[in-house]
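Remarks on the structure that follows.
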Amino acid sequence: MRNPTKLVISHTCAFFLAYSGLNAVTTTDPVGFSSIVGDSGGYIVSTPFVKNAVFSGSVSVDGTTVLSFDNTVPDLSGAHYVQVTSGALSGTIMDIVSSDSSTVTLETVLPIASGDIVLVRPHFLIEDLGTEFTSGSSVTLYNSDGTQAVSTYLNNFLGMGWDGEHTSPIYPGEGFVLISTGPFEIIYSGAVSVDPVLYYGSGGLVNIIGALSPNDVDATVLFDDLPGSSTISVYSNGSGLLNPTVYTKAPDFLGGAWNPDISLIDFGGDAAVVVIPSQDTPIPIPPTIVLE
C-alpha cells in the first residue's frame, strides 16, 4: 500500500462529466463516467474518479488514532479511509482499521483538532476494475516500501475473477501497471475529484502517479517542484512497457531544469507516469477542471 497519509487542499465545485473520447456535460451532481478500451500489451493508467463519501462529520474531541463524532457513523464494511476537509490537516487521507456508531479508528495517529470536518469514503480496490479482461491479465501496484501488490484475472475451469491481492486499494492519485493478455474494457464511474491531492512520493522508488481528473493536466503543475535528480518515465500504452521517454531534472546546484521539457508530457484522463523522486517529496495533483 502507499504511504497512508495523503494531503488535499480544499476546493469546492460540483459537476457531471460523462465521456468516452472527452465529451463532457455540466450539471450539479459531482459524479462521472469514463471507460478505457484496449488490447493486449502493457498499460500505465489510473482511476479518474473516487467513490462517493458515506459519512461527513466534525470531530467532537481532539483526535489521535481514534476520531469521535456526535453524529452516527454508518456501518463501514470493507476498506474505507478518512479525508480531512477543514483545519490545519485539511486533506489528509488515512486508512480506517475499525469503527463503531460514534468513532473510527485509524491505522496511525492523526492529531486532528476538535471541530475539524472529515469525510469517509470507501477505497477503490483492484477488483473494482471489473471483469472485462482476458484470463491471465494482471494489475500491479507499487507500494511505498518498495514492495508490490499483484492481482491476476482468471477465467478458466477453476472459475472467473481476480486472484491474488485483488482487495488492495488504489489510492487517490495512484496509478498501476496493467499487463493485458487480450482485449479489455475498464468502466469507471463515481465521484469527480474536486480537491487537489498532495501525493507523498517515496524517494528512490517507483511511484506511479495519475492525474486525478478525466481532463488533461499540465505536467509542470504536478512535477516542476520535484527535487533535483528526479526522473519521470512516460510509457506508450499498449506497448511492452519498453523504451520510455525519460525526463530528468538536473541537480538543484545546476539549476534544476528538466530535460526534455516536461510540458511536452501528454498527461491527464486515465494516464499515469512513473516518477522516481530523488528524495521523499509531496507531489501536488490538481483537481478536475470544471467545464463550463
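Numbers here are sequence positions counted from 1. Remember, it's a predicted structure, so these values are computed and weren't measured experimentally.
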Heavy-atom pair of closest approach, residues Glu174 and Tyr142: OE2-O, 3.8 Å
Ile265 versus Ala219, closest heavy-atom pair with distance: CB-CB, 3.9 Å
Chi angles and distances behind the side-chain contact (heavy atoms from CB on, under 4.5 Å) call for Ile262, Leu222: CA-CA 10 Å; Ile262 61 173; Leu222 281 82; over 6 Å; no
Aromatic ring pairing Tyr171/His123, orientation class (parallel under 30°, perpendicular over 60°, tilted between): perpendicular
Heavy-atom side-chain proximity of Ile209 to Ile283 below 4.5 angstrom: yes
Intermediate values then yes/no, side-chain contact (heavy atoms from CB on, under 4.5 Å), Ser230 and Val275: CA-CA 8 Å; Ser230 299; Val275 179; 5.8 Å; no
Polar side-chain atom of Asn71 near backbone of Ser56 as donor-acceptor pair, under 3.5 Å: yes
Derivation of the side-chain contact (heavy atoms from CB on, under 4.5 Å) call for Val31 and Phe49: CA-CA 8 Å; Val31 296; Phe49 302 110; over 6 Å; no
Minimum heavy-atom distance between Val206 and Ile208, given as atom pair plus value: CG1-CG1, 4.0 Å
ILVMFWY network linking Val97 to Leu110, side-chain heavy atoms under 4.5 angstrom: no
Cluster companions of Phe253 among Ile, Leu, Val, Met, Phe, Trp, Tyr (side-chain spacing under 4.5 Å): Leu254
Output field: ring centroids Tyr43/Phe184 closer than 6.0 Å: yes
Heavy-atom check, side chain of Val139 versus side chain of Leu178, under 4.5 Å: yes
Distance in Å, Asn52 CG paired with Arg121 CZ, rounded so as to fall on 0.5 Å steps: 7.0 Å
Hydrophobic cluster identity match, Leu241 and Val274, side-chain contacts under 4.5 Å: yes
Spatial distance of atom CG (Asp95) from atom CD (Glu107) [nearest 0.5 Å]: 4.5 Å
Main-chain N/O of Met160 paired to Asn155 side chain as donor or acceptor, under 3.5 Å: no
Asn207 versus Leu205, closest heavy-atom pair with distance: ND2-O, 2.8 Å
Side chain Asn143, main chain Asp145, donor-acceptor under 3.5 Å: no
Same apolar cluster (I L V M F W Y, side chains within < 4.5 Å links), Ile186/Val37: no
Value rounded to 0.5 Å, distance of OG in Ser151 from CH2 in Trp162: 5.5 Å
Straight-line distance of Leu154 CG to Ser137 OG, nearest 0.5 Å: 9.5 Å
Derivation and outcome, ring pair (Phe, Tyr, Trp, His ring centres under 6.0 Å), residues Phe223 and Tyr247: CA-CA 11 Å; Phe223 304 127; Tyr247 299 76; 9.6 Å; no
Connected via hydrophobic side-chain network under 4.5 Å: Val82 and Val54: yes
Pairwise side-chain contact, Val59 with Val84, heavy-atom cut-off 4.5 Å (strictly under): no
Validation row: Thr181, Phe133 side chains within 4.5 angstrom (heavy atoms): no
4.5 Å side-chain heavy-atom contact, Ile187 and Ser189: no
Note, Ile126 side chain near Ile170 side chain (heavy atom, < 4.5 Å): yes
Over all atoms of both residues, closest heavy-atom pair of Thr167 and Glu127: CG2-OE1, 3.8 Å
Ring-ring centroid check Phe55 Phe69, cutoff 6.0 Å: yes
Residue pair Val104 / Val73, side-chain heavy-atom distance below 4.5 Å: yes
Test side-chain contact (heavy atoms from CB on, under 4.5 Å) applied to Thr134 and Tyr153, step by step: CA-CA 7 Å; Thr134 53; Tyr153 187 78; over 6 Å; no
Same cluster (ILVMFWY, side-chain, under 4.5 Å), Leu76 and Leu106: yes
Point-to-point distance, once rounded to the nearest 0.5 Å, from CG of Asp224 to CG of Asp261: 9.0 Å
Check: Trp258 and Ile232 side chains under 4.5 Å, non-hydrogen atoms: yes
Donor-acceptor pair, side chain of Thr220 and main chain of Ser263, under 3.5 angstrom: no
Heavy-atom pair with the smallest gap, counting every atom of Gly87 and Asp116: CA-OD1, 3.6 Å
Separation of Leu67 CG from Ile96 CD1 (nearest 0.5 Å): 8.0 Å
Backbone N/O of Gly228 and side chain of Ser278: donor-acceptor pair under 3.5 Å: yes
